[in-house]
There are 2 protein chains.
Amino acid sequence: MNPIGNLNKIFESRIRLGVMSVLMVNNEVNFNDLKQMLEVTDGNLASHLNTLEENGYIKVYKGFIGRKTNTTYAITTAGEKAFKGHLIALEHMIKFTK
Amino acid sequence: MNPIGNLNKIFESRIRLGVMSVLMVNNEVNFNDLKQMLEVTDGNLASHLNTLEENGYIKVYKGFIGRKTNTTYAITTAGEKAFKGHLIALEHMIKFTK
DNA sequence: AAAAGCACTTTGCAATACAAAGCTAAATTA
DNA sequence: TAATTTAGCTTTGTATTGCAAAGTGCTTTT
């Protein structure tokens, strides 16, 4: 009945939605690429990434390219599951709407 | 490129999303039915309805059933257009994701 | 006359969102 | 080698939002 009952609260934010969407397609994305794709300030992005990590939806890899630091982000199994659930809920809502 | 570039900020809220979704299907819905369908408190619902009205996405009809007041809400043409645009943006994001 | 319902508004607090600035270490440029 | 730039943050501060709870006025039901 309730068309919004199964939406995931974490994914209400457009930026977190965008991060998840990008990470579903590209299995490892670094900070700067995410920043450019989503057109957000770095501080803002960092805090949303933090929220996603705290919820276990993404994981962070701090590595190097040569001797230069490189941080990449990837979706976790839990994150994939949660995001897919959210998309299904959205699709149901859209279907309900038509 | 940016998968979230065309999402409508007004529809980031699950409750406003729900209101629009319900009003796309049912052309006139009263306050109480909305409240029950979306499972929200009345004050919360009222404020979201207010935001939607201020943005010209819904209109309010204050009428009577017999001598009892009855307020119904309906989507406007602009609201329908904006919501459809948002759904298309969501669908693109979902397609991008798969 | 009292209680309850409808459709709000007001109040107040807590949680977000966000930009901007600061920060560290490494890399690049001059 | 000194100065600047880049990556990836954290901190700070402000403004906005979300929400529940309580209050309001009118009406209907009991």
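Every chain is numbered from 1 and lettered A, B, ... according to where its sequence line falls, protein lines coming before strand lines.
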Name each donor-acceptor pair under 3.5 Å that joins a side chain in residues 28-36 of chain B to protein atoms two or more places apart or in another chain, with its distance.
from: B:E28; atom 1: OE1; to: B:T72; atom 2: OG1; distance (Å): 2.9
from: B:N30; atom 1: OD1; to: B:N32; atom 2: N; distance (Å): 3.3
from: B:N30; atom 1: OD1; to: B:D33; atom 2: N; distance (Å): 2.9

N/O donor to acceptor pairs below 3.5 angstrom from side-chain atoms of residues 4-12 of chain A, sequence neighbours left out:
from: A:N8; atom 1: OD1; to: A:I10; atom 2: N; distance (Å): 2.9
from: A:N8; atom 1: ND2; to: A:Y57; atom 2: OH; distance (Å): 3.3
from: A:E12; atom 1: OE1; to: B:R14; atom 2: N; distance (Å): 3.1

Identify all side-chain donor-acceptor contacts of residues 43-56 of chain B below 3.5 Å with residues at least two apart in sequence or on another chain.
from: B:N44; atom 1: OD1; to: B:H48; atom 2: NE2; distance (Å): 3.2
from: B:S47; atom 1: OG; to: B:N44; atom 2: O; distance (Å): 3.1
from: B:H48; atom 1: ND1; to: B:R16; atom 2: NH1; distance (Å): 3.1
from: B:T51; atom 1: OG1; to: B:S47; atom 2: O; distance (Å): 3.0
from: B:N55; atom 1: ND2; to: B:T51; atom 2: O; distance (Å): 2.8

*Test side chain to side chain contact (heavy atoms under 4.5 Å, CB included) applied to A:T71 and A:K62, step by step*: CA-CA 4 Å; A:T71 311; A:K62 281 171 198 290; 4.0 Å; yes

*Using the side chain to side chain contact (heavy atoms under 4.5 Å, CB included) rule, take B:I58 and B:M20 through it: C-alpha gap first, then chi angles, then the decisive distance, then the call.*
CA-CA 8 Å; B:I58 63 170; B:M20 294 302 285; 4.0 Å; yes

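The cluster map of Ile, Leu, Val, Met, Phe, Trp and Tyr, joined by side-chain heavy atoms under 4.5 Å apart, puts B:Y61 and B:M24 in different clusters. A:V60 and A:I15 fall within the same hydrophobic cluster, where Ile, Leu, Val, Met, Phe, Trp and Tyr residues are linked whenever their side-chain heavy atoms come under 4.5 Å apart, directly or through other members.
Boundaries of the chain A contact region on DNA chain C are C:dA17 to C:dA27, first to last in 5' to 3' order (nucleotide atom under 4.0 Å from a heavy atom).
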*Tell me, for nucleotides 3-23 of chain D in 5' to 3' order, what letter each nucleotide earns: B for a base near a protein heavy atom under 4.0 Å, S for only sugar-phosphate near one, - for neither?*
----SBBB-------SSS---

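Listed by chain and number, the residues in a side chain to side chain contact (heavy atoms under 4.5 Å, CB included) with A:T69 are A:F64 (sequence neighbours excluded). Listed by chain and residue number, nothing satisfies the ring pair (Phe, Tyr, Trp, His ring centres under 6.0 Å) test with B:Y73 (two or more places apart in sequence, or in another chain). With sequence neighbours excluded, the residues that form a side-chain hydrogen bond (donor to acceptor under 3.5 Å, both in side chains) with A:K84 are A:E80.
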*Which dot-bracket string fits DNA chain C when only Watson-Crick or G-U wobble pairs with both atom distances under 3.5 Å count, crossing pairs get [ ], and | stands for a partner on a different strand?*
||||||||||||||||||||||||||||||

